[in-house]
Amino acid sequence: MSTITLPSVQFRAESLSFTDALYGVLAAKGWFNLPKPMLAGMTGACFRFSVHRQLHADSATAYNWMAEHLVACDLIGVTASQWGGFHFTPTFPLYQRQAVRDIKSSIDRGTAAVLWKDGFVIVNGYHETKQLFYYLDGRSAGAQELSFAELGLNQSPYCYYQVYENLLETDVLQIIKESYMQAVFRAESPDIMLPEADYACGLAAYDAILNALHSGNYAAAGA
């Protein structure tokens, strides 16, 4: 067959986050049966709070995707593979071709994939003859099309995808216990990947928001 789609995948972009997309993939696969807020907590994602001191719109995605997304899967017993980079690098065409192969193979196994397309989306099918993917953005009613050749060529320079392989047995109570430790750590600790002169993290982010609003020196769209 030239067309393969996974119609059971549903995607609601309620927080415009990676968790939204991850939940859509795992729920359709039957690998996560609890409510979405539980996934956000169990992966530690809902405890990450990073704010640019001028409230830039990219504050919500200003973190180390490669590290945090893989750890998020590890914490709930999901084995995953991923790649991230920039589409202007000389090696991008090689990674792009590998990404196409990996995502197609995942869909062949009955598992959707998460892709960055200036926002996290779910790839839930492909058409081999037309050389394109079908993806859900969580806001539009139906699937949209993305050619294999355009994968990773976003308005932003970033490209990223993650595919999922297996679900291991886990202890839910132990995962929840770990999530509490994640909550305390992220509330009290700055993100070492973000310069403190530009970003505030955890509880300090609240003061940064207030200071920006009081000063008037902030990005209105980001706010």
Side-chain angles (χ1 to χ4, degrees), residues 1-7 9-26 28 45 48 50 52 56-70 72-73 80-165 193-194 198-199 219 221-222:
M1 295 177 61
S2 62
T3 305
I4 298 178
T5 59
L6 304 174
V9 178
Q10 298 182 8
F11 181 25
R12 293 179 60 192
E14 296 170 303
S15 62
L16 305 181
S17 67
F18 172 75
T19 299
D20 278 334
L22 178 64
Y23 180 79
V25 173
L26 300 184
R48 182 196 341 100
S50 302
H52 191 278
H56 290 178
D58 67 354
S59 293
T61 54
Y63 62 94
N64 186 339
W65 297 358
M66 297 294 285
E68 293 202 25
H69 293 173
L70 206 57
C73 292
S81 299
Q82 61 183 8
W83 177 79
F86 301 95
H87 59 59
F88 54 74
T89 58
T91 55
F92 170 74
L94 299 176
Y95 287 109
Q96 183 192 53
R97 289 196 290 272
Q98 185 62 50
V100 169
R101 289 193 291 267
D102 288 345
I103 295 173
K104 286 169 55 181
S105 295
S106 183
I107 293 169
D108 290 341
R109 298 192 302 269
T111 310
V114 172
L115 176 72
W116 173 257
K117 193 180 183 305
D118 294 308
F120 293 109
V121 304
I122 297 177
V123 182
N124 70 328
Y126 69 91
H127 195 300
E128 185 64 33
T129 303
K130 294 182 179 180
Q131 294 283 285
L132 58 81
F133 285 115
Y134 300 106
Y135 72 91
L136 306 172
D137 66 8
R139 296 178 295 277
S140 306
Q144 301 183 60
E145 298 180 353
L146 175 68
S147 71
F148 294 168
E150 291 296 314
L151 188 142
L153 298 178
N154 304 302
Q155 293 180 5
S156 59
Y158 314 114
C159 39
Y160 173 85
Y161 73 96
Q162 189 176 64
V163 294
Y164 310 94
E165 290 131 8
M193 298 293 293
L194 301 176
D198 299 321
Y199 287 88

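Hydrogens, waters and symmetry mates play no part in the numbers below; they use all other heavy atoms, side chains included.
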Answer whether the closest heavy-atom distance between the side chains of V25 and I122 falls below 4.5 Å. yes

Given side chains that start at C-beta, do those of L194 and S50 come closer than 4.5 Å, heavy atoms only? yes

Gap between atom [atom2] of [Y] and atom [atom1] of [X] - 0.5 Å precision:
{"X": "Q96", "Y": "C159", "atom1": "CD", "atom2": "SG", "answer": "8.5 Å"}
{"X": "I107", "Y": "T5", "atom1": "CD1", "atom2": "OG1", "answer": "9.0 Å"}
{"X": "E14", "Y": "R139", "atom1": "CD", "atom2": "CZ", "answer": "12.5 Å"}
{"X": "D58", "Y": "H52", "atom1": "CG", "atom2": "NE2", "answer": "7.0 Å"}
{"X": "S2", "Y": "H127", "atom1": "OG", "atom2": "NE2", "answer": "4.0 Å"}
{"X": "L146", "Y": "I103", "atom1": "CG", "atom2": "CD1", "answer": "8.5 Å"}

If you count heavy atoms of other groups shown closer than 6.0 angstrom to [atom1] of [X], is the number above 12?
{"X": "M193", "atom1": "CE", "value": "no"}
{"X": "R12", "atom1": "CZ", "value": "no"}
{"X": "Q10", "atom1": "CD", "value": "no"}
{"X": "Y158", "atom1": "OH", "value": "no"}

A99: which residues meet the side chain to side chain contact (heavy atoms under 4.5 Å, CB included) condition with it, sequence neighbours left out? L151, Y161

Just jot down the side chain to side chain contact (heavy atoms under 4.5 Å, CB included) partners of S140, sequence neighbours excluded, or say none. D137, Q144

Using salt bridge (Lys or Arg N to Asp or Glu O under 4.0 Å) as the criterion, list what pairs up with K117, not counting sequence neighbours.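 Per chain and number, K117 pairs via salt bridge (Lys or Arg N to Asp or Glu O under 4.0 Å) with no residue.
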
Nearest atoms (heavy-atom pairs only) where [X] meets [Y]:
{"X": "T111", "Y": "L6", "answer": "C-CD1, 3.6 Å"}
{"X": "C73", "Y": "A80", "answer": "SG-CB, 4.0 Å"}
{"X": "V114", "Y": "L22", "answer": "CG2-N, 4.1 Å"}
{"X": "A45", "Y": "T19", "answer": "CB-OG1, 3.4 Å"}
{"X": "Q82", "Y": "L70", "answer": "NE2-CB, 3.6 Å"}
{"X": "Y164", "Y": "A113", "answer": "CE1-CA, 4.5 Å"}

Stepwise, does the side chain to side chain contact (heavy atoms under 4.5 Å, CB included) test hold for E128 with F148? CA-CA 9 Å; E128 185 64 33; F148 294 168; 4.3 Å; yes

Between the main-chain N or O of Q155 and the side-chain N or O of D118, is there a donor-acceptor pair closer than 3.5 Å?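 Yes, the answer is positive, given that a donor and an acceptor are paired below the 3.5 Å cut-off.
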
Between the side chain of N154 and the main-chain N/O of P157, is any donor-acceptor distance below 3.5 Å?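 A pair under 3.5 Å: no.
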
Between Y63 and H69, does the ring centroid distance fall short of 6.0 Å? yes

Please lay out, stage by stage, how S105 and D102 fare under the test side chain to side chain contact (heavy atoms under 4.5 Å, CB included). CA-CA 5 Å; S105 295; D102 288 345; 5.7 Å; no

Under 3.5 Å, is there a donor on one side chain and an acceptor on the other for S81 and Q162?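 No, no side-chain donor-acceptor contact under 3.5 Å.
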
Any chance the side chains of T61 and W116 put a donor and an acceptor closer than 3.5 Å?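 No - no donor-acceptor pair under 3.5 Å links their side chains.
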
Hey, which of Y126, Y134, F133 is the one that makes side chain to side chain contact (heavy atoms under 4.5 Å, CB included) with E145?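 Exactly one candidate clears the test, Y134.
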
Side chain to side chain contact (heavy atoms under 4.5 Å, CB included) between V121 and L136, intermediate numbers included: CA-CA 6 Å; V121 304; L136 306 172; over 6 Å; no

So which of F18, F120, W83 actually passes ring-ring contact (aromatic ring centres under 6.0 Å, His included) with W65? F120

